[in-house]
Structure formats: structure tokens, C-alpha cells
Amino acid sequence: MLDAKHFREGIEETAAALLRRGFQLDVEALTALEVQRKEIQVRTETLQSERNSRSKSIGQAKSRGEDIAPLLAEVGSLGEQLEAAKAELNQVQQELQSVIASVPNLPAAEVPEGADENDNVEISKFGTPKAFDFKVKDHVDVAEALNHGLDFAQGAKLTAARFVVMKGGVARLHRALTQFMLDLHSEQHGYAETYVPYLVNHASLHGTGQLPKFGKDLFHVEGESQDQVALSLIPTAEVPLTNLARDEIFEESELPVKLTAHTPCFRSEAGSHGRDTRGLIRQHQFDKVELVQLVKPEDSMQALEELTEHAEKVLQLLELPYRKVLLCTGDMGFGACKTYDLEVWLPGQDTYREISSCSNMGDFQARRMQARFRRKGAKKPELLHTLNGSGLAVGRTLVAILENFQQADGSVLVPGVLRPYMGGLERIER
RNA sequence: GGAGAGGUGGCAGAGCUCGGUUUAAUGCACCUGACUUGAAAUCAGGCGUAGGUUCACACCUACCGGGGGUUCGAAUCCCUCCCUCUCCGCCA
């Protein structure tokens with residue numbers, strides 16, 4: 001959510017900045033609503049004030065034992081007028097709110113303008129894709145040769161399409177990856193390991209921006225009654241981790257807060273039917289190790305560089321070739337002002353595929369969540385900045401290892417850094 | 001699952017029985033000033049969040065777990081949901 005000031009003063013500049021990411025702001029409609037809002041709000045508050053003082057004098061008269069009947073008559077239609085004004089105000093504010101809530105974050109100045117992923121800018125490359133002297137298989141076939149290591153048929157039987165069962169060495173490799181990532185970030189990069197709920201309420205989803213716009217991408221759990229709190233499965237640990245700051249005021253000295261968590265993530269992938277139907281790339285349930293930072297505004301851009309490097313470190317230690325891409329305005333997420341994607345090389349697809357997305361959300365989420373901090377000696381709290389990134393998506397990392405470390409004999413070499421987590425195992429066979 | 005007790009500002013804690021000079025008492029913590037060589041103690045003042053009007057000084061509105069209701073008026077009464085605590089039962 002943007003500061004309401006962006007829509008009152010300098011709305012033209014705001015509209016221009018939003019146009020960079022292809023968002024058309026209806027300046028006229030918004031300005032008209034704002035004029036209405038102001039008039040109605042002033043009128044409502046005046047009525048309110050009037051009612052308060054009259055009620056007060058009724059109370060005073062009563063305590064003096066005077067007859068309050070004439071005073072009551074005087075109040076007359078005030079209540080109805082007030083109620084009508086309140087309803088009107090409510091209506092306008094809801095309209096304003098729904099417009100404002102659907103406006104994405106302003107892109108940072110250095111973000112390249114563009115329409116889609118084709119306009120993203122490659123920043124750097126790490127490693128070189130291995131040359132194989134045999135015909136490479138994709139991860140589905142590699143795992144299949146390892147005793148049905150990835151069993152999509154069984155996943156579909158238990159649940160539905162886009163669910164998987166992992167077995168044996170592949171399942172263990174998957175577990176080793178999460179352990180390795182968590183240890184790296186908590187021991188080397190200064191993130192506090194955190195365990196969080198996998199079901200969250202709507203206030204949390206609204207805080208990070210999944211609601212109100214993107215509810216169809218989530219799995220929802222119904223409550224027993226309509227009044228009960230509705231819960232949803234988290235699409236990413238970003239939601240619970242970032243919402244830890246909701247309605248909090250931090251001391252300046254407590255920042256930055258750096259958190260990491262390993263969770264499953266659940267996505268209904270609405271609108272992606274028919275894409276990546278084969279394999280582990282796009283599942284309804286996948287594991288991810290998430291990185292979240294809460295920082296002072298002036299530190300957030302530097303923090304994004306560091307957070308991205310922390311995610312890159314995982315790929316480097318796993319010896320997986322990847323490239324780092326700066327997303328263009330058209331490809332960024334709703335709440336982001338700047339995003340780097342890390343794309344890992346997948347020989348089975350002969351291409352780079354996204355394995356991590358690291359974003360600076362600026363104060364966009366913080367404003368929704370009222371996540372603030374107080375500078376030393378300052379009276380007023382300020383909104384902090386939030387950042388998040390995958391460090392990394394575990395399922396896709398597993399895909400990358402199966403494909404990049406496959407051997408001619410069908411076995412898969414275990415990257416050196418993972419061996420301690422695999423009981424010293426050097427390769428997965430049969 | 002059953003029974004009961006609760007949720008009030010940074011913290012503690014009154015107000016709820018009986019709705020109205022309570023724009024939430026009081027204490028602690030915190031900030032500023034006075035006194036002091038400095039500190040402590042003492043004294044005086046300040047001390048929440050959000051929104052709005054205004055060039056400004058100021059003023060106004062909302063907020064006592066969330067939402068709704070009754071009323072001229074709700075922290076206080078009613079409904080509902082959430083959360084915390086105690087006891088019983090069940091359970092990994």
C-alpha cells in the first residue's frame with residue numbers, strides 16, 4: 001500500500017511512476033473521490049463533535065437534577081444525520097481504499113522499464129554449464145532411475161496432480177538441502193532460525209499483500225461457522241515471518257532483524273494450468289527456506305544486495321551454475337520496488353530457471369502492517385522497510401542437483417557440502 | 001470436549017455492580033527543566049496511536065482484544081468471534 005499522500009499531493013508524479021510498470025492510475029476518479037472524502041469527513045466529524053457536546057450537557061443537566069426532556073428534543077434528528085453521514089463516509093472510504101489497495105508499489109529508479117521477463121537485465125553469471133559426454137536426462141528420468149525417487153503417480157493417487165512423493169536417496173537429499181541451507185543462513189549469515197505456523201489468518205495475508213488481490217492463488221481452510229476466523233495455507237514463509245513485525249514498534253537498536261525459516265509452501269497456481277506440467281518445477285506443495293529482513297529505510301537497498309548474496313552463496317557452495325537477473329518493471333511482484341531473480345542452470349531443459357526471488361518491498365508491506373521503529377530520541381515511530389528472498393526453493397534446488405550432478409551410469413553425485421548431511425554418502429545410486 | 005476466570009496506554013493497575021464533569025484515576029518507567037561539582041533524592045512540567053481541518057498557533061474525530069447492537073450518550077449493558085489463564089477429560 002502506498003502512502004495516501006501519494007494520491008493527494010503530487011498524484012501526477014505517482015501516476016507517471018506507476019505507468020513505468022504498466023499500471024494505469026485513474027487520476028481523475030481518484031481525485032474526485034478524494035474531494036468527496038474530504039467534504040464528507042469534515043461534515044461527519046462536525047456532527048460527531050456536536051453530538052458529543054450535547055450528550056455531555058444532558059449528562060450534566062441530569063446530575064444537577066434538571067429536566068432533560070427539552071434537551072433530548074433538541075438532539076432530535078442529529079442521530080439520524082450523523083448515521084447517514086457516517087454511512088456515506090464509510091462508502092467513500094471503502095471505495096478509496098479498494099482503489100488504493102490495488103495499486104502496486106512504485107519501482108525504484110534504477111529498475112529497468114519493460115513489459116515482461118524478456119526485458120529483464122542479466123547482472124552476472126556464476127559457473128559454466130557442464131558439458132556432458134552422454135545424453136542428459138531431465139530430473140524426472142534421473143530420479144526414476146533411482147528407485148522411483150520422485151513418484152508423481154503416487155502423489156496424484158494420494159492427493160491430486162502437482163503433488164509428489166519422494167523416496168530413498170532423493171528424499172534424503174531433499175532433507176539434506178534444507179538442513180544445509182538453514183545452517184548456512186543461521187550460522188554464517190546472521191539470520192535467526194525461526195519456526196512458524198503454516199496456516200495464517202487473513203490479517204497476515206493482507207499485511208504482506210496476498211490479500212485482497214491474490215486470494216485465488218491460495219488454499220483456504222474453512223472455519224466451522226461463518227464468523228470464525230478463516231485460515232489459509234501459507235504460499236511462502238514470507239507471510240508469517242514478515243507479519244511477526246505487524247503492529248510492532250521496534251527500537252532502532254533492534255534493527256536489522258534477520259529471520260530464516262524452512263516451511264512447506266502451498267500454491268493453487270491459478271492461471272498456470274498447462275505450464276510446467278512435467279516434474280517438480282511447479283507443484284502445489286513445495287519446501288522453501290526463506291530469508292526476511294526488517295531494516296531502516298536508508299539501509300534497505302544495501303540489504304537487498306546482501307540478502308541476494310546470501311541466496312547466491314547457497315548456489316555457489318552447491319556448485320550450481322546460475323545467473324542473477326534484475327527484474328524489469330513489468331515482471332516485478334505487486335509489492336516490490338526492486339527484485340533480483342536467481343536462475344539456476346537446468347541441463348534437462350537446456351535453460352536457466354528461477355530458483356530464488358529477492359525483493360525489497362520498501363515500506364509497502366510495513367504500511368499495511370503498521371510495522372514501525374523508533375529512532376533513538378525521536379518521538380514519532382517510522383515505518384520500517386521489509387525484504388524477503390528464497391534461500392532457496394528446495395524442490396527446484398533438488399531438480400538442479402539431479403540434473404547437474406547426474407552421471408553416465410545413472411547415479412547422482414552428492415555435492416561436497418551436502419555429504420555431512422547425508423551420512424558421508426558420495427553418490428546416490430539405483 | 002466440559003467447567004470457570006480474565007483481556008484497559010511501554011509496564012503495573014483502578015473504573016464495569018448502578019452507562020453521564022473519566023477528552024481512563026494512580027503508581028512505575030521514560031523525557032525536559034529547577035536544585036546539585038556530578039549523581040541520587042526532591043520539586044515542576046511533559047509523556048500513546050491513527051486520521052482530519054489549518055500558512056500557523058491550535059482545534060476536531062476515532063481507538064479500553066476484534067466486529068456488531070441498544071442509547072441522546074458505552075471501557076461500563078447485550079450479541080458474536082478471537083486470545084490468555086486455572087481445573088477436568090482426551091491426545092502425539
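The chains referred to below are lettered A, B, ... by the order of the sequence lines, with proteins before strands, and numbering in each begins at 1.
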Next item on the list: Would you sort out whether A/Arg8 and A/Arg37 count as a side chain to side chain contact (heavy atoms under 4.5 Å, CB included), showing the intermediate values?
Entry: CA-CA 11 Å; A/Arg8 293 186 194 142; A/Arg37 190 224 96 233; 3.6 Å; yes
Margin query: Does A/Met1 form a side chain to side chain contact (heavy atoms under 4.5 Å, CB included) with A/Gln97? I'd like the steps, not just the answer.
Written below: CA-CA 10 Å; A/Met1 192 164 66; A/Gln97 205 48 43; 3.4 Å; yes
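Comparing A/Lys62 and A/Gln370 by the nucleotide of RNA chain B whose heavy atom lies nearest to each, the residue mapping closer to the 5' end is A/Lys62. Heavy-atom nearest nucleotides on RNA chain B were determined for A/Gln48 and for A/Arg8, and the one closer to the 5' end corresponds to A/Arg8.
Between A/Ser49 and B/U61 there is a side-chain N or O to OP1 or OP2 distance below 4.0 Å. At least one side-chain nitrogen or oxygen of A/Arg374 sits closer than 4.0 Å to the OP1 or OP2 atom of B/U49. Distances shown here put a side-chain N or O of A/Asn52 below 4.0 Å from the OP1 or OP2 atom of B/A62.
In RNA chain B, consecutive stretches of 3 or more Watson-Crick or G-U wobble pairs with both distances under 3.5 Å are given as paired ranges: B:1-7 with B:82-88, B:10-12 with B:26-28, B:30-34 with B:42-46, B:48-53 with B:58-63, B:65-69 with B:77-81.
The aromatic rings of A/His189 and A/Tyr191 sit perpendicular, their planes meeting at an angle over 60°, well past the 30° parallel limit. Ring geometry for A/His220 versus A/His202: interplanar angle over 60°, hence perpendicular rather than tilted (30 to 60°).
When the nucleotides B/U49, B/C72, B/U54 are ranked by their closest atom to the side chain of A/Pro381, B/U49 comes out on top.
Using a 4.0 Å cut-off between charged nitrogen and carboxylate oxygen, A/Asp276 and A/Arg353 count as a salt-bridge pair.
Here A/Arg37 lies in heavy-atom contact (under 4.0 Å) with sugar-phosphate atoms only. Across all strands shown, A/Arg367 has no heavy atoms under 4.0 Å from either base or sugar-phosphate atoms. Residue contacts for A/Lys38: at a heavy-atom cut-off of 4.0 Å it reaches the sugar-phosphate backbone alone, with no base atom in range.
Put simply, the side chain of A/Gln41 and the base of B/G51 share no donor and acceptor less than 3.5 Å apart.
A gap of 31 Å separates the C1' atoms of B/C81 and B/A25, to the nearest Å.
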